[in-house]
Structure formats: structure tokens, C-alpha cells
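Working notes, beginning with the structure itself.
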Amino acid sequence: MDNNQPLDLPKADPTEKGIKSLRQRIKETKTTRWVRFGIVSVIFFLWVIWMGNPWLSLLWLLLLDIYITAYIPWTWWKKTKGPTRTVMGWVDAIIYALVLVYFIFAFIGQNYKIPSSSLEKSLLVGDYLWVNKTLYGPRVPQTPLHFPLAQHTLPIVNTKSYLDNPQLDYHRLPGIRKIQRGDIVVFNYPQGDTVALKIQNPDYYQITHDLRRNGIENPREYMERNKAMFGDIVWRPVDRRENYVKRAIGLPGDRLKISGDTIYIDGKAIADPDNVQYNYIIPVSGRIPDEKWLEIGVRADDHGSNPASAEITGFQFYDVPLTKEMKAKVETWPEVTGPLRKESATRLFDLYGMFPLGADYGWTRPDMGEFWIPERGGTIHLTLSNLPIYERAIRVYEGNDLQVRDGKIYINDKQTDYYTFKLDYYWMMGDNRDRSADSRYWGFVPEDHIVGSPMFVIASFDEERGWFDGKIRWNRILRDANPDDKW
């Protein structure tokens, strides 16, 4: 036998080798890791069932590798020493935290701060709320690639916190119930699709309307030439628009009318929320001390430092939002020289500029309608008269090409007098009625803009007080954030 001849040994079966490797990895997995993997798997498959998409179950193989098989070297850094191990340990913890936060914020709920007084006194400026997304059913993220702790802009670096693509179609998971009249609802601002970054109030559409009224034929071009004033003009997807919080007043299919500040649904007046506020003209003999306003809960921004000039009315006055209880207290003050009148009844201020913007219906803040709120599957008879009310919903929210040619309405190049809506819509209003930018100014809120409903107050800080002077509102912590949902 030639000792120099190579031996003809049998080759190892790669499949058998892989099976042995898998058995070895499984055998070496600690019991505690199996327990964690089991818990995560149960949660994962419940999520897949909730999503209603069986293809997502394939992602379980990734979890299997992360926890058990480890074919991908997820924890390679644990075998290193020095700064690399320390840095990667922090990176690993941060990534896990961000993934967890992403899923909680997307499907369970998230925190939200009240920035304005539109819902005073139900919710106060400085309230931090926990918003429940499961109540109406969470939306599957339409912009899935986003940083979970920023709505649309990363702080400090001041850049977008999301990628425009991919954009997913609107889909809402099953919830506990539908929106009820009187619910306080968080939603994405419907007219926040186009934004002039340096000006948020008024919004882009109000700005363009005002520019046209001032004789500027191409407002968009004018704004782009004057970036020092308006900033860049950007488009934002639905779920990356500003979050607003208002009260649901009109529901899909309702006929709504406002007359003398009273809201009528299907011809019947509905009661105001307990803490509703209206602005009152308060005639006074002189300045009212700030302490008196603070004592009854009027913010400094709402009363001003001095009464308004007497040249307007012939007397000095304050224009202040008050509840019924607050109004009764103010009427007893010695500085008050006459009866209090609603701001809307005095006609001292411009009450126009209401929805639909640019239409000449003669509607004002205390007097609007009557009109129908669109509902999914509901059909409207369109006319040139009522088209301004529904035009944005048909064109923008539901993505149709709508044109008027020779006095006729064309939708997707077909002449028609009817349209059937694909979404439900809502009419949202603030409780601080004369200081709330709400549906009276920008119209309907589509269902795909609904975020959730606030459950409770996490914390509350009075921005007008010091840390040792009542800044923390202890009595509001864990308080019900939907106190009037008994409607």
C-alpha cells in the first residue's frame, strides 16, 4: 500500500452538522433564557393575532435566533474587553429600550403635554397626560421608520425624526369602543400636511388665504421667496403631524348646527361640558390685581396686565374666559362697573374666518351650519353650494382628483353629483370656546387622524408659579383626564 496516497474518507453531511450544532446551542441555553423567550413569544403571537397579518409570524424566527440559536452574533461584543464592551453594553441597552418604547407608543399609549388653554378648565396648560391608544384601536404606523420619542422633529439637531418612505396604508386595529360624544380625543392636526416651519399658528392654509386677500396671486411662491419669515415649507405624513386635543362634539352621520353658541345635533340642543368657558367683556373702573385673577384660576395670558383701552367702547374692560362659577365670583368684585356680556354678543371682535375657508356662507364663531358630518359609506348629494364643506375631505383626506368645470363637478375625471365617503369624520371643539382653534376653523377630523383618548394626568405643572409657590399641582396627579365622558 502506498502511504503517500490520500485516504478516501467520507465527507461530513452539512445537514447533519447543522442539526448537531442546533442541538448543541439549544442544550447550552440557560433555563432563564428559555423562560424569557417563552414570555416574549406569547406576547409576540398575541400581537400577530391582533394585527391580523399571519405573515408577521415569520419574524418569530428572528426572536428564536436572538434568544436561543444565536446564528447571528448578536452579542459578539460580550467577548471583547475594554471600552468596546462598555460602549456596546450601553448601545445594546438603548436599542432594547427604544424598541420597547416604539411598540408601546405605537400600539398601547404615550405621554402628551397640554400646550394651550383650548380645553381649560377640563385640562390645564402644563398637564402631562397618558393617552390610551387601545380605546379606539391603535393605528398601524403609517410612517414606520421614525424615532419613537419625537413626533416630527429631533430636538437639538432640529431635523426630521422620520423617513418619508415607506408610507403604509391606513389600518386601525380593533379597539374597545368607538368615539362617543363628549370624549376628549387626541388627533393629528388635519391641516398639518403642509407646514411653514417658522409659523405654526396660523397654519399654512390660513396664511395662503390671507395672502390672496392681500392681492398676492401665488402665495406658495411668495412664501418660498421669504424664507426668513416663513422658513422651509414641508409636507408631513398623517401620523407625523402635530398632536391636537379637543372634545368630540359631532359624530359621523350627525347634522350639526351652532346658533348663539348653542350646539344642535340633529335639531336638538346639547348641554355644554361642566367646565366650558366663554369670553366675557368685563367693564372695570381700573386695573384688577394679578393676584385676584390667579386666585380664581385665570392665566396671565388670558387677562393681560391692564384693561383694554377705553377708546374702543368708551369704558375700560377686560376680555377674559370664564366658567359660570368664575363669572359669578368676578361679578362681586368692586372694580367691576357693570354687567358682564359674552364677547360674541358684543361684536367687538372679528368673528369670521370660519370653516370652510374662503366660502361666503356668512358663518361666525357662535353661528354656523346646518351641515352633515360625513360617515363611512354615507353618500352626499354634491352641489356647487355645499362643495366647499366637503371638498377637502374628498380631495385631500380621501385622495381624489376633484375639479369644477363649466359649473359641473368632476371626481377622478367623471362628472358626478354624488360622492360616497370612505372614512368616518368628527367635529372637534375646545371647552375654552372663544380661545380654541378647532373644527370651526379647519373642519372635519378624519378617522385616520385619530390617535387616542387621554386616560389620566401623569403630572401637572403651573407655568406661572414657582417651585415653592404651587408649581406642582399635586391634586391633579393621576386625575381622570376625561371627566365629562358621561355625555
Side-chain angles (χ1 to χ4, degrees), residues 6-111 133-134 138-150 154-155 157 159-169 171 173-174 239-240:
L7 295 175
D8 189 14
L9 298 175
K11 295 181 180 179
D13 184 351
T15 302
E16 183 179 348
K17 183 178 180 181
I19 293 174
K20 286 183 178 180
S21 175
L22 176 60
R23 288 174 177 170
Q24 183 65 26
R25 291 167 186 266
I26 292 175
K27 185 178 180 181
E28 293 175 352
T29 302
K30 295 180 180 179
T31 303
T32 54
R33 197 162 184 82
W34 275 107
V35 171
R36 283 171 17 217
F37 173 64
I39 293 172
V40 171
S41 294
V42 169
I43 295 173
F44 171 77
F45 283 113
L46 288 175
W47 175 73
V48 171
I49 294 170
W50 193 24
M51 292 285 286
N53 186 348
W55 288 103
L56 291 173
S57 60
L58 295 176
L59 293 175
W60 180 80
L61 297 175
L62 188 63
L63 292 177
L64 177 66
D65 191 62
I66 291 173
Y67 282 91
I68 307 299
T69 58
Y71 282 106
I72 299 174
W74 303 99
T75 58
W76 61 267
W77 51 272
K78 291 185 177 180
K79 298 178 182 179
T80 64
K81 296 181 180 180
T84 300
R85 182 183 177 94
T86 303
V87 171
M88 288 306 301
W90 279 102
V91 170
D92 182 71
I94 291 171
I95 290 175
Y96 265 98
L98 288 177
V99 170
L100 181 61
V101 168
Y102 179 94
F103 277 92
I104 290 175
F105 279 17
F107 298 102
I108 306 300
Q110 70 183 86
N111 60 307
K133 294 187 176 182
T134 65
R139 293 175 302 185
V140 174
Q142 293 155 276
T143 311
L145 300 181
H146 67 270
F147 190 78
L149 299 177
L154 286 172
V157 293
T159 59
K160 286 198 310 183
S161 63
Y162 60 91
L163 297 180
D164 291 319
N165 292 304
Q167 282 292 313
L168 305 182
D169 292 335
H171 176 61
L173 302 181
D239 55 345
R240 297 297 99 198

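Sequence positions, counted from 1, serve as the residue numbers for this chain.
Contacts of Trp74 classified as side-chain hydrogen bond (donor to acceptor under 3.5 Å, both in side chains), with partners at least two apart in sequence or in another chain: Asp65. For Thr143, the side-chain hydrogen bond (donor to acceptor under 3.5 Å, both in side chains) partners two or more places apart in sequence, or in a different chain, are Gln167, Asp239. Applying the side-chain hydrogen bond (donor to acceptor under 3.5 Å, both in side chains) criterion to Gln142, with sequence neighbours excluded, gives no partner residue.
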Side chains of residues 80-102: which donor-acceptor pairs under 3.5 Å do they make with residues two or more places apart or in other chains?
unit_1 : atom_1 : unit_2 : atom_2 : d
Thr80  : OG1    : Trp77  : O      : 2.6
Arg85  : NH1    : Lys78  : O      : 2.1
Tyr102 : OH     : Pro144 : O      : 2.8

Let me check something: any side-chain donor-acceptor pairs from residues 47-58 under 3.5 Å, sequence neighbours excluded? List them with distances.
unit_1 : atom_1 : unit_2 : atom_2 : d
Trp50  : NE1    : Pro174 : O      : 3.2
Asn53  : OD1    : Trp55  : N      : 3.1
Ser57  : OG     : Pro54  : O      : 2.5

Check against side chain to side chain contact (heavy atoms under 4.5 Å, CB included), Phe103 and Ile108: CA-CA 7 Å; Phe103 277 92; Ile108 306 300; over 6 Å; no
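Between the CG atom in Leu63 and the OG1 atom in Thr69 there is a gap of 10.5 Å [rounded to 0.5 Å]. The CG atom of Leu145 sits 9.0 Å away from atom CG of Asn165, with the distance rounded to the nearest 0.5 Å. We find the OH-CG distance between Tyr162 and Asp164 to be 5.5 Å, quoted to the nearest 0.5 Å.
Nearest heavy atoms, Phe107 versus Thr134: O-CG2, 3.5 Å. Closest of all the heavy-atom pairs between Arg240 and Ala150 is NH1-O, 3.5 Å.
Within the structure, side chain to side chain donor-acceptor pair (under 3.5 Å) contacts touching residues 36-46 (residues at least two apart or in different chains) are Ser41-Trp60.
In this structure a side-chain-to-backbone donor-acceptor pair under 3.5 Å is present from Lys133 to Phe105.
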